[in-house]
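I have placed the structure first, in the form of structure tokens, so that the comments after it can refer back to it.
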Amino acid sequence: MLEVRLLFAACLVLVFAFCFVRVFIVASLELSDFAAIVEKLWDKWGKFSAVPLSQLLSYPGRIALAFDEPIVVFTISIFAISRGSDVVSGELNRGTLELLLAQPVSRLQVLASQALVTIGCLALLSLATWCGTWAGIQVTSVKERVPPPKVKLPFLPAVPLPVRSDEKIEIPMREKVDPAVFWPGALNLFCLGCAVAGVSTLVSACDRYRWRTIGIVASLYILSMICKILGLAFEQFAWLKDVSLFTAYEPQRFIAIATRTPADTWTFFHQVDGLSELGPLGYNAILLGIAALGYLAAAIIFHRRDLPAPL
Amino acid sequence: MTGVIVESNQLTKTYGPLTALCECSLAVNKGEVFGLLGPNGAGKTTLIRLLLGYLKPTSGRANVAGLDCERQSVAVRRLVAYLPAEASMFPQMNGHDALRFFAEIRPGSDLARSQLLAERLELDLSRRVSLMSTGMKQKLALAATLAAQTPIYILDEPTANLDPTVRSTVLALVAEARVAGKSVLFSSHVLSEVEQVCDRVVILRAGRLVHTQVMRELRTQHRIVAQLSAPLPPIPESLRHQLVIASHAGAEVTFETPGELAPLLGWLATLPLADVRIEPVGLRAVYDRYHREQTRASGQREPADGVALEPAALPGG
């Protein structure tokens, strides 16, 4: 239990600090410099981006990249795998399930209490990513060139003077970015964590060795990642995206939707070019569905299986 | 002792071709200390795990206080305090935390009693479980288990890894439980301990229950080992049911008495015997009837398939 608390505390500090620092980096690297780098790579790597270039070159778009950074995704995933794998095979492996189930508690109670703690911790970790981003936005500022002065003539709109100023002014990041647009990203991260925890719990419920459980889940996780990358990279393998867990993990896209079409932020379906597409909540529902199925199957298997004597 | 509190009926557990327990039928009475004996793999732990609902029976049924062990396992475990053979505690807790955890998780459990038991077992509760020795962990698990106010205790190897003084304390605690009217299912490899605390013992062999021994009856049985200086005369008709020739090899003869010894002494005094030794039959002898081959294979003084052959467990030892 202390072990879990330490892992949770470490993950919490890590994701908060990373998201906070990420905003600092965004603020310190001028947009024009960042654009110069990205535009060079866009022809080759643009197909891997979940958002259009214009979004990526905006402050919210750059900050949103944090939700796709391996450090954030892996921290959540490692926590979910660690907790999920512990539920049955971890307890069996340590021999603690024997004494725990000697008490008048049902197997479902054991599983449900573990699931509640895991989901609660995942919610807090996801919240920490948002809080880190929010804190970063509150304390950073960006430097931008002073806009050219405008001349206001009677009966005409204001006209900027054709002079270029080298003077730069500091503008607080909070004036450029609304932290609320990152909620969909944090929610999507939470749902991904739940899905990974659900699958891990399912494998754990079938197994008796924790390290084997972790190995199986990690393999499935990497396989899922490879499927998405191959699906994005090659047209003929586009179908692979449909079997990948990560296809439903699109935080940048959902943050872009929140930035550009806020009305579509909390929808299951939305209209894109006249066609109905799955909205952010639709993707999250897929991840939560996987989580629910994983936990349900785990509960059935755990309830029915024989519990071997500790090794 | 009134009424049956634990009962199994034709209980069977198989794993593919392996039969871990085969058609085991037994009944444990209220207020009885009931021993389970057998070498490793005999089916003792399988039987216990079936009673607690950890395993689903292949066939047959078991119930505790009328509750089905498979379908009502939570209700069963409300009535049973179980000490596993190798109890693993949560490593990050210290002794106090572990006892508090088990007192909180079991309704009606008594933290003060578990702390008192820990004291009797000479356990330092301030130490973290991960830093405890195997014996200390065993004491902690014992304190948590025996503190539960349940009518039944199931103790699987309760004295394993304990020093002789603490073993005696554990046996005393089992005896106290019996006095308090609780039933105890006591599984052990140490024959002397089983002999000391159990009212009844079953012997399991290869998953089958092969013998039930009432310990009170065993205590009246004796074995007479002697050297014959002349041929043995036939046993008189009147004594045939009170005496059995267990072995007769060369000059050495061994008699066993299923009942009281006193009526036989007169006839025995007329026999041409020398170097006469009279000893209680003891559980060892009963055990050997069913596991003799293993005992012989592993040597007279060696543990027979994990059964610790303590001096006290040996007839006349």
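Given the structure is predicted, the values throughout are model-derived calculations rather than measurements. Just so it is clear: chains get the letters A, B, ... in the order the sequence lines come, proteins before strands, and each one is counted from 1.
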Exercise. Within the side chain of B:R78, is there an N or O that forms a donor-acceptor pair under 3.5 Å with the backbone of A:Q103?
Worked result: no
Exercise. Is there side-chain contact between A:L100 and B:F102, with at least one heavy-atom pair below 4.5 Å?
Worked result: no
Exercise. By a 4.5 Å heavy-atom criterion (distance strictly below it), what part of B:V76 contacts chain A: side chain, backbone, both, or neither?
Worked result: neither
Exercise. Quick check: are there more than 12 heavy atoms from other residues, nucleotides or ligands sitting under 6.0 Å from CH2 of A:W134?
Worked result: no
Exercise. Does the side chain of A:E98 pick up a donor-acceptor pair with the side chain of B:Y82 at under 3.5 Å?
Worked result: yes
Exercise. If you draw a 6.0 Å radius around CD in B:E119, do more than 12 non-hydrogen atoms from other residues or ligands fall strictly inside?
Worked result: no
Exercise. B:L52 versus chain A, heavy atoms under 4.5 Å apart: side chain, backbone, both or neither?
Worked result: neither
Exercise. How far apart are the C-alpha atoms of B:K13 and A:D306, what are their side-chain angles, what is the distance that settles it, and do they pass the salt bridge (charged side-chain N to carboxylate O under 4.0 Å, His left out) test?
Worked result: CA-CA 11 Å; B:K13 181 66 187 175; A:D306 282 342; 2.5 Å; yes
Exercise. Do the side chains of A:V105 and B:V74 get nearer than 4.5 Å, heavy atoms only?
Worked result: no
Exercise. Between B:R106 and A:A102, what is the shortest heavy-atom contact and its length?
Worked result: NH2-O, 3.0 Å
Problem set entry | Contact class of A:E91 relative to chain B, heavy atoms under 4.5 angstrom | side chain
Problem set entry | Exam field: side chain B:S88 to backbone A:R94, donor-acceptor pair closer than 3.5 Å | yes
Exercise. Hey, is CZ on B:R61 packed in by over 12 heavy atoms from elsewhere, all under 6.0 Å?
Worked result: no
For this session: Specify the closest pair of heavy atoms between A:T96 and B:M89, including all atoms of both residues, with the distance to one decimal.
Result: CG2-O, 3.5 Å
For this session: Spell out, as yes or no, whether a donor-acceptor pair under 3.5 Å connects the side chain of B:R49 to the backbone of A:P308.
Result: yes
For this session: Compare all side-chain heavy atoms of A:R305 with those of B:Y54 and state whether any distance is below 4.5 angstrom.
Result: no
Exercise. Non-hydrogen atoms of chain B under 4.5 Å away: do they reach the side chain of A:R304, the backbone, both or neither?
Worked result: backbone
